[in-house]
Amino acid sequence: MDWLINDLASQGPLHVLTMVTLLSPAAGSLVLVLLSISGIKPHERWISWVSGVTVAGAAIAAVLLAAFTMLRPNHEFDEVLWTMYSVGSYHLDVSIYVDPLSASLTALGGCVIPVLARFSGRYLHNEPGYLRFFVLVGVAATGFFWFVLGGSIDMAFFGWELLGLSSALLVCFFWERAETVVASGRVFATYRLADIALLAGMVGLHHYAGDTSWASVLGVGSSTGQAVHLGSFAATSLGLAFLVAAMGKSAQVPLTGYVLRAMEGPTVSSALFYGTLSIHCGVYLILRVEPLLENAPIARMAVVVVGLLTAVMASMSSRVRADAKGALALASAAQAGLMFAEAGLGFSQLAMWHMLAHGLLRLAQFLRSPSWLEDAHARRSALGGGAFRSGFYAERLLPAPLRNVFYAAALSRFGLDALIDRLFSRPLSAIAHLVSWPRPRIRKRNGARIDEGCVPLPRARANSVPSLAPLHPTNSQGAR
Amino acid sequence: MSGSSHAHAAPGEPPLSEADARVQAWIDRFAKWLPEQRPLSVFVHANPLEAFQDRHFHAACEAATRIRLARTTLSYPRYRQLLAERQIRPEDVAAARKRIATLELPRIDELPTPRPGTILLSSVRPEMAAEISEMVDAFVLRVLPPFLDRGSALWPMPHRDRGLLAAVRWLARTPLGAPEPWLSDLRARLGTSAAARSLIVECLGARGDVETGWPNILHEALFALPGYTGMIHRLEHVASERPAGVAVSLVEYVAVRLVVEELALTDVARRLFGRKATLATLGRSLGSLEHPPVTPQWTPEIGAFQDAYEEEYVRSFIGGIVMAQEVERPAPAQVEVQLVCCIDDRCESIRRHVEEHVDRCETFGSAGFFGVALRHRAPLDIDETFSCPAPVTPTKRVTEQLDATGQAALARARLRNKLFGASFGDDASRAPLRGLVASFANFLRAPRTLVQLLLPELFVRPSHEFEGTTLLYEKDVEPDGFTLEDQISLVEGNLRNIGLTAGFGRWVLIVGHGSMAVNNQFSSGYQCGACGGRRGGINARVFCAFANTPAVREGLAKRGLAVPDTTIFVPGEHDTALDQIRWFDLDALAADRRGELDHIRGQLEVALEHNAKERSRRFVDVPLEEPIAESVVRVRARCADYAETRPEYNHATNAACVIGRRSLTRGLFLDRRSFLVSYDPTTDDPRHGTLEKLLAAPLPVCAGISHEYFFSTMDPQRFGCGTKLPHNVVGLLGVSNGADGDLRPGLWCQTTEIHEPIRLVTLIDAEPEAITMVLDRLPAVKAMVVNAWIHMFACSPTGRGFFRWEGAGFVPYAALPHVLFEVGSSLEACGHTRANVTPCLIASHRSDASKAAE
């Protein structure tokens, strides 16, 4: 056994695995982008092959990396790959950090991403955006692995951005429809809020701790980090910043509404992001910064409250949803809320395993969602009658009038979307109107009806072919 | 405007006021344009413009471009491309233009031009209009899915039994029911008791004038979310499809929508013109806008292009059949096996392959429920399902019963499922704490799921419904069962319909069909349409049970239909995606007959594999030159593949319908493009009663399939439902894009992608006079023919040649000389290409048949 640990889990092999994990999916996407801008229209099989090989390579490397790290005596692997620059005591590194927490999420991503990439190769057959999808899958895989394996918050931030960008772009995968673009904008805006919070946390950490690498700052694992020595104000404000970032990514109250908008994408991308990876990144962040929360009871309390509120509210909203993907998305948010609460209460091991288990469950449920109808019938037959709904729900205990009040609130998702609209979207769009001058003039001056934009025949073409005469000037009779 | 609007007032109510009547009349008029698709579990194809089959096809196409804002033809560039590729002939275009010019097409449901100042969503600034639609739709789409839900939500909506208006009133007065600030007046605006129609009149009055404004506003309100509006319209009329106890009404929906729209418009007006602005302020500012005339989207030229495009297929299809009549294609002298399939176009190929590979065999096409309409309850079922064509409501019941041990096992399994399902099933996983349990429990299942996602071919499991059960259908054991008399009439009726009245072989195989496809939201659209979107095996089983009963045979003999004692009817179910046939009730066979049947089944297996290979040429990922066995494995693996959006191509290639004897088409390769309905004009009664039945029922069904494909191909977004990938199953009713989108009726791109939009080319094996006589008795079908919704041809059984319906009647049709290629087998005809193939003659039929004749 010792030789195994000494040889396989040593610096060398782990270094290679790290490089493959971090670079391979990005390389795949780059190849695909180059192919597409070079004017070659690659065959679908090539595209899925390039994407499959690079993504699966990264995933296998990531799983091996996680496994070998667990073989090491301290279950940790920390390496600075490249110092981009250093000024005085400050240095910006590209580094990785593997410990049981990141190893577990890596294992989940490593199992799920290549399976979904292969699945999508068949699922997206003949879609106009086939290549774009696989480019974005590569970007998402890159983002995910950089986020999870990144050794410092700077690197994690980079991955976090890529993941957010690719998921917003996949929401508007069918960009010929206006609704998807609007929805994608909402998703992107929510992610920006989370990004700002994470950026604030990052800057704060730089300011208070002077360093952002997980190992030294948070002292995750064996050593004691600097974060523990931060004052309670610093710890609380950093904790709250990370909480807001995590809330955005994991769709916690009051930012839950965007997951419904995000269902506009193809079902595979909904499964990948809102069932499995993206939705758990917030939980991962909370688990990651847990040592910081030790000193910040207010932030810790906030994590628990937000988590529990989401668990109750999102699962209620999920139960009133009559559609498959919406119900699943809200149920995922509710489970993520529960994980927040577990993490905040100190059950971080439970939260970690819960994250893995839930990711696999929702993945299967999302991918199966086209069978929603048949599953409902099958369940009904299997249960031997009665309604489709099974089991017991807490609201059934309430008296009818109160229950109905809860129903109305659950249906509007407790008015939170409307509140956000009122407090943020409306004022923001008003400001945007003030500052953007001249106003965009989409409408023609003659006041043409707007639905002309979407009528099927291009008008110019229709007018330019007034009759067939010019096409066949000489013999329109019996050419053959 | 029709004067029938008063009919809408219930008998007890006072007659409608003038304004109410106007509103109702416009709503009724537009409602005919709404897509009427049945809920997803009973998906059946239908013409989206069915209400206009009594108007000329081109007139309806023209009107649809205005009312539905949808395309009903291909685009000009596409037609010009087809012209360049010689798939359209210029002389056909010229002829079609002349023909259309003489038609004087009426403009159906023309909307008046709205006066300036009418407040239409389409007349405010586009970015504002987009925002208003978003606001209104967000509210409406939050309420409608749970309101119309057929059992998807775990927590059903309260108060929906009182109708939409009451439900929205309840939401408006409940805290957080309608939390948007701009909806704060909703409660006051809806009042407490105002009728829906008076709310509509009130809203309309504030936005435009009666003559020109109202119709336009109503048009916008009805077609803003055509999917839901169509579904509401359908559920209002079809009680059996409505969620239990829910009152659904289109007028109430329009009222709610107009009120919400008004509030959104007011909100926008306030933002534009200050706090005190009202709708009137907005109206004044819109007063300066002129509505320019809208450019027509349908022109006689483009209609002529379409006619000419279809003409090319007509020529090759009818031409092929005409030429085939010149060739001697004798049928087997001694028939031993008679295969009765569905009329489905997918069965065209299986019939051809069976004739190629099974000795002394002939085939028939009968509507897939074999004339037996029934309510059916399988052992696992809780509810009865109707296994019969859509418009029929069956009265007879068939129950399947398991034996005692089976029933005990079922009860145990149910108890187990109940326990497991309630604690960590899919529903439970949506609750917080049980979701935690379910997540961990899923660890046990997750490896299997991942393997299935990667290697679907390991998971091909054909359906096992109704095997080993006893059928209860006799009147004395089942009160709603079939009497002996019923059984005799049903068997006699169907055998006479298909013209199988003499020359029975030793085996009559009655084969219904179904389709296995996992993870397919449109699963019921792939099943047998004649069985109401369900698998047809049960109907075949019941039919054979009747036909094998000695008492029924006696009764048949008395009615002049002598079935020899050696003839055995065997029920089966063909899985059109897997290409396998499951046989039922084989235990009753004697050992020697069983051996004989096994021999036939061996030959059928070869035919099925060839059929799978023929189908595989449409799947781009199956190489054309691949050996049969490998392609068969690939084709079957598709059915278990969660990632497969095209488990089979369904009716995608349909284009024609032949009602007649098999001798007309036997030995012809028709490329799975033709519905084949068996009909024997020589055994029909003098009044042509059988032909009347066939024209009344199967023909409109085939035409409906064809029309739904036609329009969904022409406009995949407005008539079709777009691509399947982002679909979300809503309320067990339909699909939408994303979580809060409109319902999407129609067909999906993954099936229309290989469809050639052609109106059904119908060929009937009967005298033109007989057909005309029958059509006079069927006004709806006649309207379809007269108004050019289908192409109609007749082939005279007495050798007078071919006739084509033109204008008001049949005229002789002279087919141009047509090259009919002769090929060795079906696979040789099509194996080299993925494109459509024109009719070919299959030589193996001739050699087989001539061998048999020797």
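Residue numbers begin at 1 in each chain, while the letters A, B, ... track the order of the sequences. Heavy atoms only: backbone and side chains are in, while hydrogens, waters and symmetry mates are out.
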With a 4.5 Å heavy-atom cut-off, do Trp155(B) and Arg403(A) have their side chains touching? yes
Would you say the side-chain atoms of Ser439(B) pair up with the backbone N or O of Ala357(A), donor to acceptor, closer than 3.5 Å? no
Relative to chain B, which segment of Phe174(A) carries a heavy atom at a distance below 4.5 Å: side chain, backbone, both, or neither? side chain
Where does Arg122(A) contact chain B at under 4.5 Å (heavy atoms): side chain, backbone, both or neither? both
Is there a side-chain contact between Pro432(B) and Ser315(A) (heavy atoms, below 4.5 Å)? yes
Are any of the side-chain heavy atoms of Leu124(A) and Leu725(B) separated by less than 4.5 Å? yes
Using non-hydrogen atoms only, which part of Val171(A) is less than 4.5 Å away from chain B: side chain, backbone, both, or neither? neither
Test item: Asn737(B) and Glu264(A) side chains (from C-beta on) under 4.5 Å apart, heavy atoms: yes
Flag for Gln365(A)-Asp426(B): side-chain donor and acceptor within less than 3.5 Å: yes
Return the minimal non-hydrogen interatomic distance between Arg426(A) and Glu131(B), and the atom names on each side. NE-OE2, 4.0 Å
Check whether Ser412(A) reaches the backbone of Leu176(B) with its side chain - one donor and one acceptor, N or O, closer than 3.5 Å. yes
Select one option (side chain, backbone, both, neither) describing which atoms of Glu44(A) are under 4.5 Å from chain B's heavy atoms. neither
Proximity breakdown for Leu363(A) and chain B, heavy-atom pairs closer than 4.5 Å: side chain
Per-residue contact mode, Phe366(A) against chain B (heavy atom under 4.5 angstrom): neither
Taking all heavy atoms of Pro175(B) and all of Val405(A), pick out the closest pair and write down the distance. CG-CG1, 4.4 Å
Backbone N/O of Ala324(A) and side chain of Asn728(B): donor-acceptor pair under 3.5 Å: yes
If we only count heavy atoms from C-beta on, is the Asn519(B) to Pro370(A) side-chain gap below 4.5 Å? yes
Using a strict threshold of under 4.0 Å (side-chain N to carboxylate O), is an ion pair present between Lys325(A) and Asp740(B)? no
Heavy-atom nearest pair, Leu260(A) first then Ala739(B), reads O-CB, 3.3 Å
Could you look at Asn404(A) and say if it's the side chain, the backbone, both or neither that has a heavy atom under 4.5 Å from chain B? both
Name the region of Ala409(A), side chain, backbone, both or neither, that has any atom closer than 4.5 Å to a heavy atom of chain B. both
What part of Glu179(A) gets closer than 4.5 Å to chain B, counting heavy atoms only: side chain, backbone, both or neither? neither
Closest non-hydrogen contact found for Ala408(A) with Leu171(B) is CB-CD2, 3.7 Å
Does some side-chain heavy atom of Leu350(A) sit less than 4.5 Å from a side-chain heavy atom of Phe440(B)? yes
Could you tell me which portion of Leu411(A) (side chain, backbone, both or neither) has an atom closer than 4.5 angstrom to a non-hydrogen atom of chain B? both
Give, as side chain, backbone, both or neither, the part of Glu176(A) having an atom under 4.5 angstrom from any heavy atom of chain B. neither
Taking Leu453(B) as the fixed residue, which of Leu116(A), Val112(A), Val115(A) is the one that meets the side chain to side chain contact (heavy atoms under 4.5 Å, CB included) rule? Val115(A)
Within the distance-only criterion (no hydrogens, no angle test), does the side chain of Arg319(A) pair as donor or acceptor with the backbone N or O of Ala431(B) below 3.5 angstrom? no
Ser429(B) and Arg362(A): side chain donor to acceptor below 3.5 Å: yes
Parallel, tilted or perpendicular: rings of Phe443(B) and Trp353(A) (30°, 60°): perpendicular
Quick one, Asn126(A) and Glu753(B) - any side-chain contact, counting heavy atoms below 4.5 Å? yes
Under a 4.5 Å heavy-atom cut-off, does chain B meet the side chain of Arg118(A), its backbone, both or neither? side chain
If you define the side chain from C-beta out and look only at heavy atoms, does anything of Pro179(B) sit under 4.5 Å from Phe414(A)? no
